[in-house]
A.B. asks: 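I have a structure here, written as structure tokens, and I will follow up with some questions on it.
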Amino acid sequence: MKSAMGGIAVANLRSHRNGFTAVFVTVFSAAVLVCALGVLFESGIRGGAAPHRLAGADVVVGGPQSLAVPEDLDQPYGERVRLPASTVGELAALPDVESAVGDINVPLSDDSGRVFDAHGWSSASLAPYRIVGGNAPTRADEVVTTDPRMLGEQVMLRHGGVGNSYTVVGLAATSTAEPSGRPTTIFMTDERAQELWPHSDTVAAVGLIAREDVDPAALASQVGTQLRGLDVDTYTGAARADAEYVDIGAARGELAALSAAVAGVALMIAVFVVSSTLSSSIQQRRRDFALLRSMGATPRQVHRLIGAEVWVVSGVAALLGVAPGYALAAVLRHQFAEAGILPPDFSLAMGPVPALVAVVAAVVTARMAAAISARRPARLDPVDALREAAVEAAALGRTRIVAGVLTGVGGLIASLLPAFVPGPAAIAGAGSSAILLIIAAALLGPVLVSGAMRAFSGRMARSGSASAVLAAANLSAHRRRLASAIMPLALAIAFGSVQLFSQSTLLAAAEDQTERGTLADLVVTGPAGVDPQLAATIAAMDSVSAANPITRGQALYTRDVADAPTTEVYSVQGIDPGAAASTLDLDVREGDLGELSVGSVALSRDAATAMSADLGGTISVRLGDGAVVSATVIATYNRGFGFGDITLPGTQVREHTTSGLVDHVLVSAASGRMDDVRRAIEATGGVTALSSNEFASAVDQEQREQDSVTLVVLAVLLGFLGIAVVNTMVLMTTDRRREFALLQLVGASTRQVRAMMRKESLAAVALAATIGTLIAYPPLAGIAIAVSGAPFPTVSVWTYAVLVGAATLVGFVAITGTARRVAHRDRDALGMGA
């Protein structure tokens, strides 16, 4: 009997090509998606760039660039963790070290806005760079470049807007190509680099060149013993790039978090889509299973038959989806780099694990979905099976209804969470509640469709048109079939709406808070930042009433949740409290921002609630370089979303940044003298004075470029959903070939059948748009409540129209196109093989 079932499975694969093709395409697409996201997640753990400027060092020693998080990915620091300058001498004393060189880096820019990465000449040996033209720098006004076009030029190089003239006296080169997309490296004398380096008596990293025949790994093991009591990390091989580029670690963290979040949603969608397609495919073959049951096949044999078919189809589809998955990952990496999420030279980790995970996940999901979908045809009594082969089952099972109701209630509760619990966790919960609501709608689909279709069908039946009467009868009689067509469309509309309009709602809230809270007339910016001394010079101008240097950063806050430490990232701004009242309004609710000083902190109300920090309480956070800062809360404010959740004195924040520069300066002009202020500031050279509106537009554009990552990921997920929609629609319509043939046998014309299908498809897509919109609203309302206090999300009417229009067009074309193909006068379609 086992071999007989195998023969039937092979015969079924040949005779039911449409159904199995739909399953194949769906599983293939799921494997592509899961493999691509798996590559991105693995790259978030071990991806990176090749070392360049430190490629000649056998071992690189640096401070720990991440916070170890138990049972989770380490949290990278956004700024350089520095080492004492004395470390260089201590490491040079190791017997296996030929030389130890301390490295520092200073950002410079020229008058065109081009940014350079400047280092002391002694660190050139760590590449190693050699002079291929001219000579090494020997004076404070001399530099060596890696750009042949600059050799011999006199250039004005500025540090935070403060400029000095330099002569390019040499050209340096190394055996490896300069990394693309990175600032051009230049070298100056060690003394001049130290003058510009804002953190005296420290180095960014130490490169060790080992003596001949010394193993780098063995040398690295000696570092900890030599630097007893100092927490350091050692880097060898490809890992040296992590010490060279701080943004690599941060990019890995961003990529891992982003891909993990998207992968979770993608896996849920994949399960839903694969299950839906398999269910439709199995439902299409209910006549075959009814005959098998009537001929004596046992439920176990039916399960085995379906399982064998699914193993073959899903296995082949998943294996073929691996290669396109790696290609899709490469495309996404390029898009992320374009948006600034990843460094331009970031390389993906192309290991075998994502392929294995994708294949296993796709096949197991398909097999589980098949087992669930096969339950009903396998367990039905043969007589009932024959009845259901002709007439759709009337009612949903009790378990399905209860599960749908509970899931829907859970989704509604999660979507309204921001109304009661502030903070980023509530916003994330509201956003993810859409998945729960989608699942609930899928489980309760026939019930939701039934009531709406009564209204549609009633109006159609009263129209007097033959095609409308036929459409009304079908809409009333086939709730499950209609629900299987509607729910993928509703899923696409709901998911797309939540992803698009949650971003627009968050961005609009940030824009509103920034606009309302910025009191300054001008915002001064520079290509690589603004020197604090230049900010002080601007503040002392006669035409300036107040100048507030703002430094941006991040802080890590760790708290215990259910006896397990949880680390969250908060945005930080450093300000001048004395100039705050004239330049920005954070909408302070408690306390006095003017009392801010070293040892105190102001928090947004969301952050204060999440940290359980009352006025006068104390919190401890880790700033960008990992330094722990304890501070007393002296004020709370409302506009944290636009300005940052944590506000500290600017001097304190700058001490813990790599560059030591100010991000921008808020400038309030004396009455009637804004034009004078702008001319005076721009006359200093190297900086730009923008109006507050111009600055807000520039920030918005940068934010939109970063948000384009969301659009790319959304396009991929919606593409996957689009495949599911087409598959489901085609399967559903193809299954009606016998119905079309019978209608034509009793006198309906092909034109009338097609008109009937057009009316049915219009009703289906209209209902899908309605359900999708209703599902999307609660999560969006929750997010809007979290950021603005009102349940009104920011929705672009045109974007919504395009999203709904595209989804409905796909559904309409899939139904009517398939109907046109199968609705013909073929009386043989009434046979068993139809």
A.B. asks: For a quick check under 3.5 Å, do T632 and S600 share a side-chain donor-acceptor pair by atom type?
C.D. replies: no

A.B. asks: For the side chain of W197 and the backbone of T202, is there at least one donor-acceptor N/O pair under 3.5 Å apart?
C.D. replies: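 The answer is yes, because a donor-acceptor pair under 3.5 Å joins these two groups.
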
A.B. asks: For D110 and S112, run side-chain hydrogen bond (donor to acceptor under 3.5 Å, both in side chains): C-alpha distance rounded to whole Å, both residues' side-chain angles, the deciding distance at 0.1 Å, then the answer.
C.D. replies: CA-CA 5 Å; D110 62 15; S112 68; 2.6 Å; yes

A.B. asks: Is the backbone of R654 close enough, under 3.5 Å, to the side chain of T657 for a donor and an acceptor to pair up by distance?
C.D. replies: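 Indeed, once roles are kept as given, a pair shorter than 3.5 Å links the two residues.
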
A.B. asks: Say whether, by atom type as modelled, one donor and one acceptor occur between the side chain of N548 and the main chain of D576 under 3.5 angstrom.
C.D. replies: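 Side chain of N548 to backbone of D576: a pair is present.
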
A.B. asks: Find out whether L67 and T558 are in side-chain contact, i.e. whether some heavy atom of one side chain is under 4.5 Å from a heavy atom of the other.
C.D. replies: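 Heavy-atom side-chain distance check passes, below 4.5 Å.
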
A.B. asks: Any non-hydrogen side-chain atom of Y570 less than 4.5 Å from a side-chain atom of L603?
C.D. replies: no

A.B. asks: Do you know which two heavy atoms are closest between A528 and P107, and how far apart they sit?
C.D. replies: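 Smallest interatomic distance, heavy atoms only, reads CB-CB, 3.9 Å.
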
A.B. asks: Tell me the closest heavy-atom pair linking D625 and V81, and the distance in Å.
C.D. replies: O-CG2, 3.2 Å

A.B. asks: Side-chain contact test, heavy atoms from C-beta onward, threshold under 4.5 Å: evaluate it for F641 versus L506 and give yes or no.
C.D. replies: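 F641 vs L506: side chains touch.
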
A.B. asks: Would you say the side chain of D111 lies within less than 4.5 Å of the side chain of R158, judging by non-hydrogen atoms?
C.D. replies: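 R158 vs D111: side chains touch.
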
A.B. asks: Any ion pair linking D103 and R53 (charged N to carboxylate O, less than 4.0 Å)?
C.D. replies: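 D103 and R53: salt-bridged.
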
A.B. asks: Determine the minimum heavy-atom distance between L593 and V588, stating which atoms define it.
C.D. replies: CB-CG2, 4.3 Å

A.B. asks: For R552, does its backbone N or O pair with a side-chain atom of D663 as donor and acceptor, under 3.5 Å?
C.D. replies: yes

A.B. asks: If only atom types and distance count, is the side chain of R80 paired as donor or acceptor with the main-chain N or O of A243 below 3.5 Å?
C.D. replies: yes

A.B. asks: Would you kindly say whether D606 and S604 are connected by a side-chain donor-acceptor distance under 3.5 Å?
C.D. replies: no

A.B. asks: Look at the side chain of S571 and the backbone N and O of D645, then say whether any donor-acceptor pair between them is shorter than 3.5 Å.
C.D. replies: yes

A.B. asks: With a cut-off of 6.0 Å (strictly less than), are more than 12 heavy atoms of other residues, nucleotides or ligands near CD of Q533?
C.D. replies: no

A.B. asks: Relative to the ring of H52, is the ring of Y129 parallel (under 30°), tilted (30 to 60°) or perpendicular (over 60°)?
C.D. replies: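 Judged by the thresholds at 30° and 60°, the geometry between Y129 and H52 is perpendicular.
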
A.B. asks: Quick test of your reading of the model: are D675 and R678 salt-bridged, counting only N-O distances below 4.0 Å?
C.D. replies: no

A.B. asks: Is the side chain of H119 donor-acceptor paired with the backbone N or O of I104 at a distance under 3.5 Å, no angle test?
C.D. replies: yes

A.B. asks: Strictly by modelled atom types, are S165 and Q154 linked by a side-chain donor-acceptor pair under 3.5 Å?
C.D. replies: yes

A.B. asks: Please name the residue in the list L666, T688, T583 that meets the side-chain contact (heavy atoms from CB on, under 4.5 Å) test with V523.
C.D. replies: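 The single option meeting the side-chain contact (heavy atoms from CB on, under 4.5 Å) with V523 is L666.
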
A.B. asks: Does any non-hydrogen side-chain atom of I646 lie less than 4.5 Å from one of M611?
C.D. replies: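 Yes. Closest side-chain heavy atoms under 4.5 Å.
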
A.B. asks: Which word best sums up how the rings of F187 and W121 line up, parallel for under 30°, tilted for 30 to 60°, or perpendicular for over 60°?
C.D. replies: perpendicular

A.B. asks: Between R192 and D141, does at least one N-O distance fall below 4.0 Å, as a salt bridge requires?
C.D. replies: no

A.B. asks: Ignoring hydrogens and angles, tell me if any N or O in the side chain of D521 forms a donor-acceptor pair with the backbone of A669 under 3.5 Å.
C.D. replies: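 Yes, D521 side chain to A669 backbone: donor-acceptor pair under 3.5 Å.
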
A.B. asks: Please answer whether the main-chain N or O of A546 pairs with a side-chain N or O of S668 as donor and acceptor at a distance below 3.5 Å.
C.D. replies: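 Answer holds: no.
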
A.B. asks: For a quick test of reading the model, state the closest non-hydrogen atom pair linking L108 to I186 and the distance between them.
C.D. replies: CD1-CD1, 3.9 Å

A.B. asks: Side chains of F643 and T518, heavy atoms from C-beta outward: is any pair under 4.5 Å?
C.D. replies: yes

A.B. asks: Quick check: do H656 and L648 have side-chain heavy atoms less than 4.5 Å from each other?
C.D. replies: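 Of all side-chain heavy-atom pairs linking L648 with H656, none is under 4.5 Å.
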
A.B. asks: Show the numbers, then the answer: is there a side-chain hydrogen bond (donor to acceptor under 3.5 Å, both in side chains) between E142 and T167?
C.D. replies: CA-CA 5 Å; E142 294 179 344; T167 302; over 6 Å; no

A.B. asks: Against the six-membered ring of Y245, is R182 placed for a cation-pi contact (under 6.0 Å from the centre, within 45° of the normal)?
C.D. replies: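 R182 over Y245 ring: yes.
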
A.B. asks: Does the side chain of S122 come under 3.5 Å of the side chain of D190 through a donor N or O and an acceptor N or O?
C.D. replies: yes

A.B. asks: Answer yes or no: is there a donor N or O on one side and an acceptor on the other, between the side chain of E515 and the main chain of A510, under 3.5 Å?
C.D. replies: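 No: the side chain of E515 does not pair with the backbone of A510.
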
A.B. asks: Heavy-atom distance under 4.5 Å between the side chains of P84 and D201, does that happen here?
C.D. replies: no

A.B. asks: Walk me through it: do F346 and D247 pass the test side chain to side chain contact (heavy atoms under 4.5 Å, CB included)?
C.D. replies: CA-CA 10 Å; F346 189 93; D247 59 356; over 6 Å; no

A.B. asks: Looking at every heavy atom in both T658 and E79, which two are closest together, and how far apart are they?
C.D. replies: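 Heavy atoms of T658 and E79 come nearest at N-OE1, 2.9 Å.
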
A.B. asks: For A337 versus P343, what's the shortest heavy-atom pair and its separation?
C.D. replies: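 Closest heavy-atom pair between A337 and P343: CB-O, 4.2 Å.
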
